[in-house]
Amino acid sequence: MEKLKELIQQYHRWQGLKDYVEKIEYFKTFDFPSAIGNAKALIESICNTILDEQNTYEYKTNDSVNKLVTETIKTLNINLTNGVATFGSGLITASQNLGELRNRIDTSSHGQSLLTSKDNQIEELTAYFLISSVELIACFLI
């Protein structure tokens, strides 16, 4: 998450994201579901901060990460009507999938029943891809 760390260092207003980055890096090798939970929270924090600063959308605590990214892209006035549209749509879809993945593999998501089986076995290459994708989304939004 070196690119994201550089951006955080460059823009002081994002210093609070360091905690998420540290948790993601700490958990990614031995508790990947917790890393994904923190990755989702990282994206939500970026979106909520931008939406608060711009005061264009009053988000709700139960808004999905997909909704937050969609509203943030609108707030930032990112033109998704040209060649960027496919990328922007992919970004929104990736955010939605991140939330769904977190719900599926993280036993702490939404206080799951102890009887609920979680499939939290993620291969190392897949974990690297997912964390790198979250970093890309975070950097794009910042």
Side-chain angles (χ1 to χ4, degrees), residues 1-80 83-142:
M1 300 202 85
E2 294 306 314
K3 285 186 185 282
L4 182 55
K5 287 186 205 176
E6 289 174 20
L7 274 179
I8 291 169
Q9 187 68 29
Q10 184 178 355
Y11 299 105
H12 182 72
R13 70 186 221 168
W14 297 108
Q15 293 296 308
L17 298 178
K18 283 183 184 180
D19 290 340
Y20 293 115
V21 172
E22 289 172 4
K23 289 176 184 175
I24 292 165
E25 289 182 327
Y26 177 75
F27 286 122
K28 72 180 176 185
T29 57
F30 70 93
D31 185 2
F32 189 70
S34 291
I36 283 295
N38 279 282
K40 178 180 176 276
L42 170 83
I43 298 299
E44 290 169 331
S45 182
I46 291 169
C47 291
N48 290 343
T49 300
I50 291 169
L51 294 170
D52 279 345
E53 288 174 346
Q54 299 297 317
N55 200 27
T56 56
Y57 173 77
E58 191 170 319
Y59 58 88
K60 297 161 193 65
T61 56
N62 63 343
D63 278 350
S64 68
V65 67
N66 180 35
K67 177 72 172 171
L68 292 172
V69 170
T70 300
E71 292 301 326
T72 301
I73 288 173
K74 286 181 193 175
T75 294
L76 294 173
N77 203 25
I78 297 171
N79 183 1
L80 297 182
V84 179
T86 303
F87 178 78
S89 296
L91 182 72
I92 293 166
T93 301
S95 299
Q96 177 181 349
N97 292 340
L98 175 65
E100 291 170 2
L101 176 65
R102 196 278 320 234
N103 290 344
R104 196 170 59 249
I105 68 172
D106 187 359
T107 57
S108 66
S109 67
H110 304 294
Q112 298 292 326
S113 166
L114 298 176
L115 302 177
T116 302
S117 171
K118 291 288 186 174
D119 177 20
N120 58 8
Q121 300 300 313
I122 302 289
E123 294 178 14
E124 185 177 345
L125 186 59
T126 302
Y128 176 79
F129 168 73
L130 292 168
I131 296 300
S132 296
S133 298
V134 167
E135 180 183 27
L136 179 65
I137 293 168
C139 290
F140 177 76
L141 292 172
I142 290 173

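One-based numbering along the sequence shown. Side chains included, hydrogens not; waters and symmetry mates left out as well; all remaining heavy atoms used.
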Next on the checklist: Taking the basic N atoms (NZ, or NE/NH1/NH2) and the acidic carboxylate oxygens, is any pair closer than 4.0 Å for E71 and K74?
Outcome noted: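 Yes, E71 and K74 are salt-bridged.
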Next on the checklist: What I want to find out is whether E22 reaches K18 closely enough, with some N-O distance under 4.0 Å, to be called a salt bridge.
Outcome noted: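 No.
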Supply the atom-to-atom distance [X] [atom1] to [Y] [atom2], rounded to the nearest 0.5 angstrom.
{"X": "S34", "Y": "K28", "atom1": "OG", "atom2": "NZ", "value": "14.5 Å"}
{"X": "L68", "Y": "L51", "atom1": "CG", "atom2": "CG", "value": "6.5 Å"}
{"X": "M1", "Y": "C139", "atom1": "CE", "atom2": "SG", "value": "7.5 Å"}
{"X": "I24", "Y": "F27", "atom1": "CD1", "atom2": "CZ", "value": "10.5 Å"}
{"X": "D63", "Y": "Y57", "atom1": "CG", "atom2": "OH", "value": "3.5 Å"}
{"X": "L76", "Y": "L141", "atom1": "CG", "atom2": "CG", "value": "7.0 Å"}

Checklist entry - What pair of heavy atoms forms the shortest contact from A39 to V134, and how long is it? => result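 Nearest pair, atom of A39 first, then V134: CB-CG1, 3.7 Å.
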Next on the checklist: I need the minimum non-hydrogen distance between A35 and I131, along with the two atoms involved.
Outcome noted: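 Smallest heavy-atom distance, with atoms named: CB-CD1, 4.4 Å.
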Next on the checklist: Are L4 and W14 packed together at the side-chain level, in the sense that at least one heavy-atom pair is separated by less than 4.5 angstrom?
Outcome noted: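 With C-beta onward as the side chain, the pair stays apart.
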Checklist entry - Do K5 and E25 come within less than 4.5 Å of each other through their side chains, counting heavy atoms only? => result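 Yes - at least one pair of side-chain heavy atoms lies under 4.5 Å apart.
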Checklist entry - Does the side-chain contact (heavy atoms from CB on, under 4.5 Å) test come out yes or no for I43 and V69, once each step is laid out? => result CA-CA 8 Å; I43 298 299; V69 170; 3.7 Å; yes
Item to check | side-chain contact (heavy atoms from CB on, under 4.5 Å) assessment of L17 paired with I142 | outcome: CA-CA 11 Å; L17 298 178; I142 290 173; 3.8 Å; yes
Checklist entry - Would a distance-only check, ignoring hydrogens and angles, find a side-chain to backbone donor-acceptor pair under 3.5 Å from N48 to S45? => result no
Checklist entry - Taking E135 for the side chain and E2 for the main chain, is one N or O donor matched with an acceptor at less than 3.5 Å? => result yes
Checklist entry - Please walk me through it: do L42 and N38 pass side-chain contact (heavy atoms from CB on, under 4.5 Å)? => result CA-CA 6 Å; L42 170 83; N38 279 282; over 6 Å; no
Next on the checklist: Looking at Q15, I want to see if its CD is surrounded by more than 12 non-hydrogen atoms of other residues, nucleotides or ligands under 6.0 Å.
Outcome noted: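 Atom CD in Q15 is packed in, count exceeds 12.
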Item to check | Between Y59 and D52: side-chain donor-acceptor atoms closer than 3.5 Å | outcome: yes
Item to check | Whether Y26 and F30 hold their rings parallel, tilted or perpendicular, with breakpoints at 30° and 60° | outcome: perpendicular
